[in-house]
Amino acid sequence: MQIVRSTRDLRQRLSALRNHSIGFVPTMGALHAGHARLIETSVRETASTVVSIFVNPSQFNDPADFAKYPRTLDTDAALCESFGASIVFAPSVEEIYPQPQQAFVDVARVTEHLEGKFRPGHFRGVATVVMKLFQIVQPDRAYFGEKDAQQLAVIRRMVEDLNVPVEIIGVPTVREPDGLAMSSRNQRLTPAERAIAPLLYQALQLAASRIAQGIRDPESIKQEAESLLTDPGIRVEYLEICDPDFMASVNHIDGPVRIAIAARLGSHESGSVRLIDNVLVTAPRP
Ligand code: PAF
């Protein structure tokens, strides 16, 4: 497996692989079992897999969060190699943004809710860097985790609306045995925060079970789910029942919905860890 730092070098190496399919797994590093599942899936479905490791400054609205983001290139590269990746692309910030960026990708509507509301500019940063990476790698298929369901919806929409020739594959969330969704941020949780973190998934499961039982009123379901999240160490930013394509909250449940949550764990604003999770639920027909 090769570790490549420059776009020029990457393009050169990829030109020898282009007669077969290329899979792409964009990441920000601090890789865990969720990323391993993405790499594994790409390696199974394509001839060569490129993993990018780039902590993208333009998608962080809090510079402290960007600074604190874990950077673990050596162990990340070892994981990529062990799961069969062909190339790790690990560019510097200067390589990706050699000059102040003037062109951006803005995806409307699907970005208006949930993460888009709480993290202004986040999806512009994500869509722009993913578009840049797609132009650099030019993959046949790209793999994204369903844990970031809104990000996946944004990328799907961008690719469709801008005719980007890549197939987007969503890969199911990988969870710890107690249900906590794998995330690079989990390693920043204190033992006390880690102990209460599975409550997020329990709240999602409770909401999903109420839908399965035939309850169709999102408000009553949300209220009951939120009653599991009263621990003072948890601050819920949102718990919403949304339509899966546009991520807007629904008034009545009559088809597939995504139940999405974001919460801060920890008692201090600056020291808290923000976690997100979601589940897709299809309501049974009456
Ligand atoms: O999901 C992530 O890790 C990032 O948002 C991505 C897609 C690699 C873009 O920086």
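Because only heavy atoms are used, hydrogens play no part in the values below, and waters and symmetry mates are left out as well, while side chains stay in. First listed ligand is number 1; within each ligand, the first listed atom is number 1. Only a predicted model underlies this, so the values are computations on that prediction, with no experimental measurement involved.
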Under 4.0 Å from a heavy atom of [X]: give me the atoms of ligand 1 that qualify, with their elements.
| X | value |
| --- | --- |
| Val129 | 9 (C), 10 (O) |
| Thr27 | 8 (C) |
| Gln151 | 1 (O), 2 (C), 4 (C), 5 (O), 7 (C) |
| Gln59 | 4 (C), 5 (O), 9 (C), 10 (O) |

Crowded around His20 NE2? As in, over 12 foreign heavy atoms under 6.0 Å?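 Count not over threshold, so no.
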Count the heavy atoms belonging to other residues, nucleotides or ligands that lie under 6.0 Å from CG of Asn251, then report whether that count exceeds 12.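 12 or below, so no.
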Kindly confirm or rule out a cation-pi arrangement of Arg5 over Phe54, judged by NZ or CZ under 6.0 Å from the six-membered ring centre and within 45° of its axis?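 No.
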Does Thr128 reach the main-chain N or O of Gly125 with its side chain, forming a donor-acceptor pair under 3.5 Å?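 Not at all, since once roles are kept as given, no pair shorter than 3.5 Å links the two residues.
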